[in-house]
Amino acid sequence: MEKESLFSAKNLKLLTDPLGRSNPVTVLVLGVCSALAVTVKLEPAVVMAISVTVVIAVSSVVMSLLRNTIPNRIRIIVQLVVVSLLVILVDQVLRAFAYDVSKQLSVFVGLIITNCIVMGRIEAFALGNKPWPSFVDGIGNGLGYGLILVVVGFVRELLGSGTLWGYRIIPSSFYIANGGVYENNGLVILPPMALILLGIIIWIQRSRNKNLVES
Amino acid sequence: MNKDSNKYIYLYSTALVVAVAATLSIAATLLKPFQQKNIEVEKKQSILLSVHKAADVRKAKNKRQYVEAEYAKYITDGFVVNSLGEKQEGSAFEVNLEEEAAKPAADRKLPVFVCTDNDGKPKYIIPVRGVGLWGPIWGYVALHSDYSTIYGVVFDHQGETPGLGAELSTPDFQRQFEGKQIFDAASAFTSVKVVKGGHTQGKPHAVDAISGGTITSQGVEKMLMDNLSAYLLFFKEQQRAQEAERRRQEREKKEKEEEEERALLQAKQAEAARIARRAAAEAAAALQSDTTGAAPAVQSENTPVLEQPENL
């Protein structure tokens, strides 16, 4: 068998496809629940995106290494155990060495374990592929998920709080309270607006790529 | 071995679970000291923030050292009181509020931290803990030495919704508490209410609630009410002691003044007696000189009434 290069066209496709054509959130519509919960502000959205990417990539590698030994009937349980182990380890390490980040992240630990994207990629890809392609696939899907989170988080923080990453973007003198004409949009910080934004993103994507439209 | 046989499945799952459990136990044990240290530093930082110290913590190169140094500098004392306001054995820093909340009110240890500021006036820091919408909320309330006016507060939470309830940990929300009072003019306990609709500018016992964070706001109100009211007897006792001290000082001052007045009066009386004596003596002398025939030319210059007493 010919040895495939690490960054062959096929592997690169695994990385870039989830960013657009097979995005886990907008095309597969997975992980929507956490996309609502963490996108009120940009910072938790980015922290969540990074953590999910790490967990998907590492758990894909581990599951891919174990794939030939796992009894088929208990594979979901094995997946759960491995994913939980990784999430708890990540959380514990952050708590010891990056306490400020872990305070942001600890809330979302449960969300990562139950994130359908993690289980979905293990089930659909890592159990049938070698470790390296599984790793690339995990990174790609994590980034695809993160991209949507960041876009939604950007819009919601800007319109809902007038800030980005905690820094004030819309000057406070513009606000009605300070004699201006501007007011933050209260709807944007409520969960339904995340769904509406997600819907708009899906709409734009499908109107540009007719292949995604179901017949 | 057949991968789908029961035996294989049992062995596989047992081995997997044992391996995972061992990994997690080792990780937890190895990382525990680091985590404990982080939690301790975090607590010290929160205490400092409630009295507007450690403001540059984000800029500090070594956060841990910076916080420890600031803490050692400003937080000069910490003690534990009981619900009757009596001081107890034990260190304020070690009290776990979560455990204390489970005990009956009479057995609770109530920690108080004392901050000595640059201006020399002590601030008293009371830790508080309550429940928000999704989980615990906690914080520190720093009181001026009158045990009523709030100097500063800091709140934190475990899992309130970002952008809604989580706003309680922002400076904008916390700044509202500064200058509010937990006792009214008749020194009845009022705590600080968190009310909807704002317009709390001139009100000494209310702050504006968080929009979209109604349950968290109610949680903050209840947390302040519950935790601060536990210290009621301590506050009252301290206020009474301060009032007594103030009275005592006033009384001492008054007594001192009275004494000085009395001394002055005595001095005056003594002086008057001395003058009278001298006048009498001079009158006698004049009488004598009259009898000897010598004119008392200098007598008018020596008129005792004009003489200034040296001790005035």
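Throughout, protein chains are lettered first and strands after them, A, B, ... in sequence-line order, and every chain is numbered starting at 1. Side chains are part of it too, since the values below use all heavy atoms of this structure and drop only hydrogens, waters and symmetry mates.
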Spatial distance of atom CD (B/Gln45) from atom OH (A/Tyr99) [nearest 0.5 Å]:
10.0 Å
Chain A heavy atoms under 4.5 Å from B/Leu164: which part of the residue, side chain, backbone, both or neither?
side chain
Decide if atom CH2 of A/Trp203 counts as having more than 12 heavy atoms of other residues, nucleotides or ligands within a radius under 6.0 Å.
no
With a 4.5 angstrom heavy-atom cut-off, could you sort out which part of A/Asn68 is near chain B: side chain, backbone, both or neither?
backbone
Interchain contact, B/Leu16 with chain A, by part (heavy-atom threshold 4.5 Å):
side chain
Tell me whether B/Lys43 at atom NZ has more than 12 heavy atoms from other residues, nucleotides or ligands lying less than 6.0 Å away.
yes
From A/Leu94 atom CG to B/Leu31 atom CG, the distance as rounded to the nearest 0.5 Å
10.5 Å
Which atoms of A/Ser84 approach chain B - backbone, side chain, both or neither, heavy atom under 4.5 Å:
neither
So, does B/Tyr12 use its side chain to make a donor-acceptor pair with the main chain of A/Val78 at under 3.5 Å?
no
Residue among A/Leu89, A/Ile88, A/Thr69 with most heavy-atom pairs under 4.5 Å to chain B
A/Thr69
B/Leu30, part contacting chain A, at a heavy-atom distance under 4.5 Å
neither
Can you confirm whether more than 12 heavy atoms, excluding those of B/Tyr66, are under 6.0 Å from its OH atom?
yes
Within 6.0 angstrom of B/Lys109 NZ, more than 12 heavy atoms from elsewhere:
no
Chain B shares the most heavy-atom pairs under 4.5 Å, among A/Ile70, A/Leu66, A/Thr39, with A/Ile70
Between CZ of A/Arg95 and NZ of B/Lys32, what distance do you get to the nearest 0.5 Å?
10.0 Å
Taking all non-hydrogen atoms of both residues, which atom of B/Ser13 and which atom of A/Ile74 are closest, and how far apart?
CB-CD1, 4.2 Å
If you count the non-hydrogen atoms of other residues, nucleotides and ligands that lie under 6.0 Å from CZ in A/Arg208, is the total more than 12?
no
Give, as side chain, backbone, both or neither, the part of B/Gln36 having an atom under 4.5 angstrom from any heavy atom of chain A.
neither
Please flag which part of A/Ile77 lies under 4.5 Å from any non-hydrogen atom of chain B: side chain, backbone, both or neither.
neither
Indicate yes or no for a side-chain donor-acceptor contact from B/Gln35 to the backbone of A/Gln92 under 3.5 Å, with no hydrogens or angles considered.
yes
Taking atom CD of B/Glu178 as the centre, does the number of heavy atoms from other residues, nucleotides or ligands within less than 6.0 Å exceed 12?
yes
One pair to check against side chain to side chain contact (heavy atoms under 4.5 Å, CB included): B/Asn38 and A/Phe97. What are the steps and the verdict?
CA-CA 8 Å; B/Asn38 282 332; A/Phe97 299 111; over 6 Å; no
Tell me the closest heavy-atom pair linking B/Asp4 and A/Asn72, and the distance in Å.
OD1-N, 3.7 Å
Would a 4.5 Å heavy-atom cut-off, applied to side chains only, mark B/Asn6 and A/Arg73 as touching?
yes
CZ of B/Phe93: more than 12 outside heavy atoms within 6.0 angstrom?
yes
